[in-house]
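Any value given below was found using the heavy atoms of this structure, including those in side chains, with hydrogens, waters and symmetry copies removed. From a predicted model like this one, the values you see are computed outputs, not experimental measurements.
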Amino acid sequence: MTKHEKGLKETGRKFMLPFYVMKLTLKVSPAYLAVTAGIAVVSAVSPILNVWLTQQILAGLLSGEGNRKLFFLVVCLVAANFFCMGANRYLTVKQGVFSERFRDDFKCYVGERIMCMDYSQLEDSRVMDLKDRALRPIIDYGVLDLMLRETIPTILSSLFLMMGTAAIAAAGYPVLLLALFVMAGINLHFVNQTRKTKDETYQVILPVERKIGAYNGMTADFSIGKDIRLYDMGGILMDKIRRLNRTDLKALSAQFGRISRSAGLSSLLSQLQLFAIYGLLAVWAMQGKLGIAEYAFYTGIFLNLGTALFRISDKMSDLFYTGKFFSAFREFEELSMRKDGKAKSFADAPQVEVRDISFSYPGVSEPVLKNLSLTISKGERLAIVGRNGAGKTTLVKLLCGLYRPDSGQILFDGEQIGGMEGLSAAVFQDFKLFAYTLYDNVVMGRDEDAELMPIFERVGLESTVEGLPEREHSYLYKLFEPTGVELSGGNEQRLAIARALYRDAPVLILDEPTAALDPVSEEEIFHSFREISHGKTSVMISHRLSATRLCDRIVVLQDGCIVEEGSHEELMGVENGIYRNMFETQAQYYQEQQEREVCH
């Protein structure tokens with residue numbers, strides 16, 4: 001494709017932008033689009049009716065028409081104005097209501113799309129940058145709402161007005177019509193210069209404002225609030241924000257000076273337009289080519305036409321300027337969405353077969369897993385061990401369906417499953433809890449009357465829950481409720497395990513499930529592992545290798561491949577084996593630590 005063809009294609013995309021925005025709005029809020037279109041029609045019809053009825057009244061006065069007809073025309077003029085003003089105000093109020101609802105509906109639309117994205121895309125910095133470029137202007141700056149409330153209605157109403165007035169003007173005075181179109185073209189050049197200046201400034205300030213937003217977020221971030229106060233970081237943060245604000249202001253000040261020149265030339269051109277309309281029509285009136293009524297009529301027609309043309313050029317420039325935001329949003333919309341089939345239910349724990357899979361993270365050429373094959377029998381308890389970076393967590397995320405392998409298959413009872421909903425429950429080392437009640441954190445909307453105390457008892461949370469003011473209906477954290485409670489790190493981990501147990505999925509995955517627990521609590525969880533994993537196909541990752549003795553089989557990962565496999569006893573019998581070396585090193589460390597504690 002040549003440079004000229006690319007330019008034509010890009011111009012075509014810009015002119016099609018209003019239709020894309022209207023299509024997007026139709027998906028999210030059809031009523032908002034209908035009201036916006038109604039405002040555009042009323043705004044276009046009103047001035048034409050006013051000019052035509054005024055001309056009819058003047059013509060009647062000059063020709064000596066009867067009082068009854070003149071009275072009728074005046075009533076029609078007042079009624080038309082009353083109707084148009086009333087309809088416009090009613091639709092504007094409705095538009096304001098729908099606008100508020102549209103913002104919420106649009107955020108839900110975006111949220112649903114994000115939740116349907118592949119999990120691996122959420123870890124891709126390029127995708128997250130695209131999301132920020134696509135959504136920040138639309139949601140934070142209200143670009144889409146501005147287009148729907150002002151830009152597109154103004155363009156539509158001006159187009160309707162231009163077509164009506166141009167048809168009348170062309171029949172009477174085509175030379176003046178041509179002059180107005182030429183002036184509109186020159187004005188388009190000036191507003192394009194303004195758009196270009198805005199675009200250049202936007203490229204400068206977007207990364208600056210992104211940093212400002214990030215630093216402002218840090219000042220109110222509860223998770224890092226302790227560090228900010230303990231290490232007196234407030235001054236550093238505010239200094240960075242002030243410096244960035246000055247950079248932002250400098251770019252905007254430079255933009256203001258350049259835009260002022262273009263705006264001044266555009267204003268001068270609009271005055272020349274008025275001079276041409278009034279002057280030429282006055283000359284033709286003095287030459288006897290049109291009467292007083294016709295002069296008033298055509299003056300109104302050409303003034304409305306000139307206003308429509310200038311508005312179109314101004315708003316089309318705004319449309320082109322905002323087009324780059326929607327180019328990013330289009331690209332964001334075209335990202336691959338998950339299309340999982342309906343999840344299959346299993347009456348018993350399934351056999352899981354990992355068949356020759358490989359996986360690489362986005363933007364990384366070296367695969368994390370390389371042609372890995374593994375079979376987990378029905379109801380088997382499997383431990384996966386290995387050094388940091390061996391691929392353990394990546395493997396369990398593939399088993400959960402969070403990632404898709406680059407090649408190979410993962411089969412459950414011999415079938416490749418489309419949807420993973422309800423098939424597996426997992427507790428990851430970086431688990432997250434929500435500022436909901438303990439009940440909601442466990443049930444997650446699946447049941448309104450679940451009995452959770454037996455599950456809390458299994459994970460050692462029953463005494464903690466019973467001591468809370470609202471028991472399991474107490475809120476976590478103080479984000480939404482001032483009476484919210486803060487659990488210890490160990491109890492938060494127990495709650496995450498309770499959530500996995502409540503799901504009662506046939507496949508249970510525990511990735512460092514006791515990382516935040518003290519040794520005694522950890523031992524309690526490990527001893528209950530056999531009970532909570534009963535009847536399930538279970539996979540556990542733990543750096544505490546003593547826990548692997550509770551599993552039926554152990555696999556050792558290294559550099560994305562399985563290098564050792566067997567029971568604890570079998571692997572301990574391997575001379576110079578990786579598992580044996582890790583286990584003995586860890587046992588020696590704990591023994592030395594215990595001896596030091598005894599000495600003290």
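When all heavy atoms of Leu411 and Arg355 are compared, the closest pair comes out as CD1-NH2, 3.2 Å. When all heavy atoms are compared, the tightest approach of Glu565 to Val555 is CG-CG1, 3.7 Å. Closest heavy-atom contact between Ala505 and Ala425: CB-N, 3.6 Å. Nearest heavy atom pair, residue Arg494 against residue Val459, reads CD-O, 2.9 Å. Looking at every heavy atom in both residues, Ile376 comes nearest to Arg553 through CA-NH2, 3.9 Å. Taking each heavy atom of Leu468 and Ser474 in turn, the nearest pair found is CB-OG, 3.5 Å.
By the 4.0 Å N-to-carboxylate-O rule, Arg580 lies close enough to Glu575 to be salt-bridged with it.
Taken from CG in Leu501 to CD1 in Ile455, the straight-line distance is 6.5 Å, to the nearest 0.5 Å. Atom CD of residue Gln351 and atom CZ of residue Phe412 lie 11.0 Å apart, to the nearest 0.5 angstrom. Rounding to the nearest 0.5 angstrom, the gap separating the CG atom in Asn371 from the OG atom in Ser358 is 4.0 Å. To the nearest 0.5 angstrom, Phe456 atom CZ is 6.0 Å from Glu472 atom CD. Going from atom CE of Met444 over to atom OH of Tyr439 covers 12.5 Å, rounded to the nearest 0.5 Å. Atoms CD1 and CG, on Ile497 and Leu510 in that order, are 6.5 Å from each other to the nearest 0.5 Å.
With Asp406 contributing its side chain and Ser360 its backbone, the two residues share a donor-acceptor pair below 3.5 Å.
Within the 4.5 Å cutoff, the side chain of Phe359 has no heavy atoms near those of the Lys370 side chain. Two residues are said to be in side-chain contact when any heavy atoms from C-beta on lie closer than 4.5 Å; Phe329 and Val110 meet this criterion. Counting only heavy atoms from C-beta outward, the side chains of Leu398 and Pro405 approach each other to under 4.5 Å. Under the 4.5 Å side-chain criterion, counting only non-hydrogen atoms from C-beta, Cys400 is in contact with Phe428. No side-chain heavy atom of Ile541 sits less than 4.5 Å from a side-chain heavy atom of Val385. The side-chain heavy atoms of Arg381 and Leu550, taken from C-beta on, include no pair separated by under 4.5 Å. A 4.5 Å side-chain heavy-atom check between Met238 and Arg242 finds at least one atom pair inside the cut-off. Leu433 places none of its side-chain heavy atoms less than 4.5 Å from the side chain of Leu438.
With hydrogens and angles left out, the side-chain atoms of Thr393 and Asp511 include a donor and acceptor closer than 3.5 Å.
Annotation: Lys378, atom NZ; neighbour count of heavy atoms from other residues, nucleotides and ligands within 6.0 Å is above 12. Residue Phe106 places its CZ atom among more than 12 non-hydrogen atoms of other residues, nucleotides or ligands, all under 6.0 Å distant.
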* To do: Any chance you could lay out the ring pair (Phe, Tyr, Trp, His ring centres under 6.0 Å) test for Tyr475 and Tyr436, step after step, and finish with the verdict?
  => CA-CA 5 Å; Tyr475 272 84; Tyr436 307 151; 8.0 Å; no
* To do: Could you go through the salt bridge (Lys or Arg N to Asp or Glu O under 4.0 Å) check for Glu486 and Lys478 one step at a time?
  => CA-CA 8 Å; Glu486 297 285 339; Lys478 302 183 186 299; over 6 Å; no
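With sequence neighbours excluded, no residue forms a ring pair (Phe, Tyr, Trp, His ring centres under 6.0 Å) with Phe480.
When the options Leu374, Val352, Leu395, Val396 are evaluated for a side chain to side chain contact (heavy atoms under 4.5 Å, CB included) with Val539, the one that passes is Val396.
Checked against the 6.0 Å centroid threshold, Tyr477 and Phe434 do not count as a close aromatic pair.
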